[in-house]
Every structure is written in C-alpha cells, then in structure tokens.
A.B. asks: 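After the structure tokens below, expect a handful of questions from me.
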Amino acid sequence: MKTTKTRDPRRWSKLVVDGAKQTPSRAMLRAVGFTDADFSRPQVGIASTWANLTPCNMHINELARETEAGVNKAGGKGVLFNTITVSDGISMGSPGMRFSLVSREVIAESIETVVGAEGFDGLVAIGGCDKNMPACAIAIARLNRPAVFVYGGTIRPGAERRDIVSVFEAVGGHAAGKVSDAELLEVERTAIPGPGSCGGMYTANTMASAIEALGLSLPDSSAQDAVSRNKRDDCRRAGEAVVKLIEAGILPSDILTRKAFENAITVTIALGGSTNAVLHLLAMARAAGVRLKLDDFTRIGKRVPVLADLRPSGRYAMSELIAIGGIQPLMRELLDRGLLHGSCLTVTGKTLAENLAAVRPYPKGQTIVRSFDDPIKRDSHLVVLYGNVAPEGAVAKITGKEGLSFTGKAKVFDGEERATKAILAGKVKAGDIVVIRYEGPRGGPGMREMLSPTGAIMGLGLGDKVALITDGRFSGGSHGFVVGHISPEAAVGGPLALVRTGDRITIDAVRRRIDVDVSQAELRARRKRWKAPRAYATRGVLAKYARCVGSASEGAVTD
C-alpha cells in the first residue's frame, strides 16, 4: 500500500465523537452498538443499495454485512446505511422509467449527505443496478474520502440461457405471431432465476467493468456471480482495503485522473459496452473535476477494437466471461499493447500495471474474447455522431453487424408509448427510421431508456431493416441500428423537434454524421412554427430535475 500523504485516519469522525462537547453524539452511537473502543477507530460508512424490488439488489444487504466484517477486522468501525434504488427492468416502457436517471442524482446526493453528516472517515459503496453504480462513483468523487466501490455481481442465466432481454424480445415475437401465449409465459417464468444484475454486457456489467478499470474497485470485482463465495470474499477484502486507504491517506482524487477515465473508456469499448457508459462516465468525470468530452470517446475509439462477443449483440453472457477469467486477462492484453495507462493508482494501493502483473491469459480455444488479429470491430462500437439533427452530438451503438450506414424515411413519434404501440401494431416497415422525441433529460423528463421499442423491433425480425433515433437513451440490452442522446434535445428546441414523418434521414457511422435531408430554409420556417410542449411535471422531483438538468452531451448532470 503506497502512502501519498500523511493524514489523520480519524480526520472526520473525531469532529463528531471526540471531547466533552460531543458526549451526546457518543450517547446516540452507543445505542446502535458502539463500544468504548469503537470511538478511537476510523469510521467507515457502508452504503447499501439493498431493495427487495429488483433482483439486481435483493442480496446486497448480505454483502454489506460481509463488508462490515472486513472493516472491523482491519481495525475500523463499519456503519451500515441504506439508500434507494429503482428497477429499470420493471419500470421500462412505463411512465415510471422517467425516474430512473433521476435516481442517479438522488442516490449520489443521499450517500454524500449521510457520509458528510455522520463524519465517516471512509466509504464502501455497494451497487448492483444501472443507476446506483455510477451514483456511488459520483458520491465517492464528490466526497473525496478514502473509498472502495463493490459491484453486487451478475445474475446467472435462466433456462436456455435466457435473460431480461430475452423477455423484451419475446414480446416482439409474440406481436409477430412467432411466440405463442404459452411460450411467452414460459420465457417470463424462467428468464430471471435469482439475485444479480442483468446478465449480458448491459449497463450494469458495463459500469462495473468501467469502475474496475478506473481503479475504484478491487481486481475482479466486476466479474463475479452475485451469489458466490468470490463475491462474499470481494466484500470482505473491500472492507479491509478501505481501512488501508484511510491509513495511507489515498483519496479518490489520487485515483480518478484523466488517464484513469481513458482506461475506463478503453475497457468499455473492448467489451462492447452500453451507450449509457458515455452518459455516466461524463457525469462521473465532472464530479471528479476531470475534463472529459464526447470527442474523447471518438479519439480513444479510433485505436481500440471491440473484442468481446457478449450480449446483447454477441453470443455470450457475463457468467460465461467470468468462467474464463473475467476482464483481467483482457485488461492485461490491452496494457501490453499500450492501450491502458499502467501507472494509474488503484484502491489496492498499487498501480494498474502492478495489479495486472501476474494475470494469466485466457484459456486457449475460448471464443468469448477475440484476438486483436480477429476483432469483432476494428474500432469502437460507440460512435459519436454530429450533423443537422444533432449539432451537439449523439451516441450510436454500432457493432458493424447492423451495417455502417442507414438511410430511410422518418416515422416520427412524440413519446415512447406511441412508438411502441405503432411498432407492435405493424405500422413500422423495413426501411423506416423510427424517431422518438421529447424523451430527453428535460423533455421526458428523465431520458427514458428505449428497450421496449428496440426489443419489439428485434422480436419482429426488423433489427437489420429498421433504425431508431431518439433524444432519449438506450438500455444496455438494446441492439440494432440505434442512435440516442441526440443533443440539443427536442424539448429545448433541438433540430429533432423539427423533423417530420416522411423526411429522409441518413446515419453514416463512417463519416460520423446524422442528417435530415431538409434545407436550412425549410428548417428555419418549421422552427418559427414550433411550440415547446407542455411540461410533463410541474411539481415534485421530476419538475425539479427538469429545471436543473443539463444536456446529455455533458452527462445529463444537475449541478
């Protein structure tokens, strides 16, 4: 463990519990189990995102207890507290999905609030679903106290290797008459067998991998089954590690450097990760005071190939990647080829290169992670597009399997529900470009994920025949020719608001362009006639979010 500075291990907790003046504080803490000895130990907050409303987080309190044991064994005093989570998979396709991205801000602020109020000297945050994971990282960056992030782990596949995306795509198959009522019910009953995050390289596994690459998690934390001895051991070791970080004075600001974020982008691309990584890494970098832009994804993506053949566009589940060694062998090869910054400090107290020094390569004959000589795509699948539809940028997920360009006529829908209804009713045909607007950070509000319409398109067999563009975003489970995060969004008068059904749109991943074939004069005339839609919410958290949130091109942050 490297020491970067001399630091009082009780810098924050002593302000709460030392001296006669703080006798009331100690009295309160004795009631929750503190002993005389505990007041002389560094206090570590353990943020649990447990909730019995989603399989992603249903087991996390057990992991939090393991973490507490690790902290206490190492000489600290672990203190458990909880924060909220919401389920993307359950709220998907409904008005409730508007609260999903909002929850990232609520969770980050709640963790920051508790740690700040209680005077914890360090933090272990345990996340298991799409928004609580980047939220934990944002809180860690803002607090800048010694901290470790622990991933709750991935779910195991259901019957016939099914997962949550299998269910969404079965809905489309059912609409097409390819899946019977009985078959749909069978998929529903067998796709989600127990605890853990969605099982492909969807947003949860993408963010876990990115956070490990950042250096905020212990090695292998991102690649463990939710229900496993390895995950329990990871939690105990995280508890021990945070105490060592406190003693060494290593802060998140020592770890969360620009080079660390470049490492996270590199690993995300090599794994074929979710477009949500763009949104979340931009927000996390802002919290850390690191200047990161959309164009950094393009710059790095030009030299990093997609190597992992993982769902949704690939064949394999995260549990199958775990079985051959997780992401560490991939990171070692990226490092050996000069694509990772090995000098970056991590929560082990060692550099990334030191962590990877003894990592063995993948077993011979495995087909999950391709060689650099035979990549799935020679450059990034996360393609940042600009054009007269997206002057501030948009993010496409293009693996190459869908082709590299698409031209078609727009079918415009104001809102996800109208689009999904039309798709399932057979009103979207081959050659169409589905436009879903007023779903951006402000317009939604909350920038809903479009897994329901993209899942329906795939289930109907139109995945290679239809494109979909939106100022909303996509689930990590979405695949096909899809473009999201279109900025400026329609609700603030972005050009997407001016597109009409029948307009010809071209998406070109090679030139990195997205344009509508309408003259500037006509667009100006349409703008004069355009009126902003009525706000979805006028009070409460959604209204507050809509007033505060910024552009998706900058991470959709509220500060």
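This structure is a prediction, so every number in the text was calculated from the model and none was measured.
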A.B. asks: Do D38 and T35 have a side chain donor and acceptor closer than 3.5 Å?
C.D. replies: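 Their side chains do contain a donor-acceptor pair, which is all the 3.5 Å distance test asks for.
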A.B. asks: If I compare all heavy atoms of I255 with all of L214, which pair ends up nearest, and what's the gap?
C.D. replies: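 Looking at all heavy atoms of both residues, the shortest contact is CG2-O, 3.5 Å.
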A.B. asks: Calculate, to the nearest 0.5 Å, the distance between atoms NZ and CG belonging to K77 and D121 respectively.
C.D. replies: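 K77 atom NZ to D121 atom CG measures 13.5 Å (nearest 0.5 Å).
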A.B. asks: Which residues pass the ring pair (Phe, Tyr, Trp, His ring centres under 6.0 Å) test with F34, not counting sequence neighbours?
C.D. replies: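 Here the qualifying residues are F39.
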A.B. asks: Which residues satisfy the side-chain hydrogen bond (donor to acceptor under 3.5 Å, both in side chains) test with R236, sequence neighbours excluded?
C.D. replies: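 With sequence neighbours excluded, R236 shows a side-chain hydrogen bond (donor to acceptor under 3.5 Å, both in side chains) to E66, D233, given in chain and number order.
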A.B. asks: For the side chain of D254 and the backbone of L251, is there at least one donor-acceptor N/O pair under 3.5 Å apart?
C.D. replies: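 Indeed, once roles are kept as given, a pair shorter than 3.5 Å links the two residues.
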A.B. asks: Taking H341 for the side chain and N263 for the main chain, is one N or O donor matched with an acceptor at less than 3.5 Å?
C.D. replies: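 Checking the backbone N and O of N263 against the side chain of H341, no donor-acceptor pair under 3.5 Å is found.
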A.B. asks: Any Lys/Arg nitrogen of E68 or R65 sitting under 4.0 Å from an Asp/Glu carboxylate oxygen of the other?
C.D. replies: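 Salt bridge flag = yes for R65 with E68.
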A.B. asks: Just by distance, with hydrogens left out, do S478 and T454 show a side-chain donor and acceptor under 3.5 Å apart?
C.D. replies: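 Yes, side-chain donor-acceptor contact under 3.5 Å.
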A.B. asks: So which pairs with a foot in residues 211-220 pass side-chain hydrogen bond (donor to acceptor under 3.5 Å, both in side chains), sequence neighbours left out?
C.D. replies: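 Checked against side-chain hydrogen bond (donor to acceptor under 3.5 Å, both in side chains) - neighbours excluded - the pairs reaching residues 211-220 are E212-S222, E212-Q328.
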A.B. asks: Other residues, nucleotides and ligands only: do more than 12 of their heavy atoms fall within 6.0 Å of CD on Q366?
C.D. replies: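 Counting neighbours around CD of Q366, more than 12 heavy atoms of other residues, nucleotides or ligands fall under 6.0 Å, so yes.
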A.B. asks: Salt-bridge test for R315 and D309: reply yes if a basic N is under 4.0 Å from a carboxylate O, no otherwise.
C.D. replies: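 Counted as a salt bridge, because a side-chain N and a carboxylate O are separated by less than 4.0 Å.
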A.B. asks: Does any pair with a residue in residues 128-153 pass salt bridge (charged side-chain N to carboxylate O under 4.0 Å, His left out), and if so which ones, sequence neighbours excluded?
C.D. replies: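 Matches after skipping sequence neighbours: D88-K131, E112-R142, K131-E449.
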A.B. asks: Side chains of S319 and R156 only: does a donor on one sit below 3.5 Å from an acceptor on the other?
C.D. replies: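 No, R156 and S319 have no side-chain donor paired with an acceptor closer than 3.5 Å.
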A.B. asks: For a quick check under 3.5 Å, do N205 and Y151 share a side-chain donor-acceptor pair by atom type?
C.D. replies: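 The criterion, which ignores hydrogens and geometry beyond distance, is satisfied for Y151 and N205.
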A.B. asks: Is it true that the side chains of Y316 and T367 contain a donor and an acceptor less than 3.5 Å apart?
C.D. replies: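 Yes, T367 and Y316 have a side-chain donor paired with an acceptor closer than 3.5 Å.
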A.B. asks: Within the side chain of D163, is there an N or O that forms a donor-acceptor pair under 3.5 Å with the backbone of C198?
C.D. replies: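 No: the side chain of D163 does not pair with the backbone of C198.
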A.B. asks: Begin with the C-alpha distance, continue with both residues' side-chain angles, and end with the deciding distance and a verdict on salt bridge (Lys or Arg N to Asp or Glu O under 4.0 Å) for K377 and D379.
C.D. replies: CA-CA 6 Å; K377 191 169 184 283; D379 56 5; 2.6 Å; yes
A.B. asks: Scan for salt bridge (charged side-chain N to carboxylate O under 4.0 Å, His left out) pairs involving residues 322-343, sequence neighbours excluded, and state none if there are none.
C.D. replies: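 Only R332-D336, E333-R337 qualify under salt bridge (charged side-chain N to carboxylate O under 4.0 Å, His left out).
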A.B. asks: Between P9 and P42, what is the shortest heavy-atom contact and its length?
C.D. replies: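 Nearest pair, atom of P9 first, then P42: O-CB, 3.4 Å.
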A.B. asks: Hey, could you give me the CG/OH distance between L330 and Y362, rounded to the nearest 0.5 Å?
C.D. replies: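 So the CG of L330 and the OH of Y362 are separated by 4.5 Å.
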A.B. asks: Give a yes or no answer on whether the side chain of S13 reaches the backbone of G119 with a donor-acceptor pair at less than 3.5 Å.
C.D. replies: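 Such a contact is absent between S13 side chain and G119 backbone.
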A.B. asks: Within the supplied structure, the quantity of interest is the number of heavy atoms (other residues, nucleotides, ligands) at a distance under 6.0 Å from R189 CZ; does it exceed 12?
C.D. replies: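 Result for CZ/R189: open.
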A.B. asks: Among residues at least two apart in sequence or on other chains, which ones pass salt bridge (charged side-chain N to carboxylate O under 4.0 Å, His left out) with R161?
C.D. replies: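 E320.
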A.B. asks: Under a plain distance cut-off of 3.5 Å, with no hydrogens placed, do S110 and T83 share a side-chain donor-acceptor pair?
C.D. replies: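 Note: T83 and S110 side chains meet the donor-acceptor criterion.
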A.B. asks: Have a look at E416 and tell me which of R473, R98, R448 forms a salt bridge (charged side-chain N to carboxylate O under 4.0 Å, His left out) with it.
C.D. replies: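 For E416, the salt bridge (charged side-chain N to carboxylate O under 4.0 Å, His left out) check succeeds only for R448.
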A.B. asks: For T351, is there any backbone N or O sitting under 3.5 Å from a side-chain donor or acceptor partner on E354?
C.D. replies: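 Pair found, side chain donor or acceptor close to backbone of T351.
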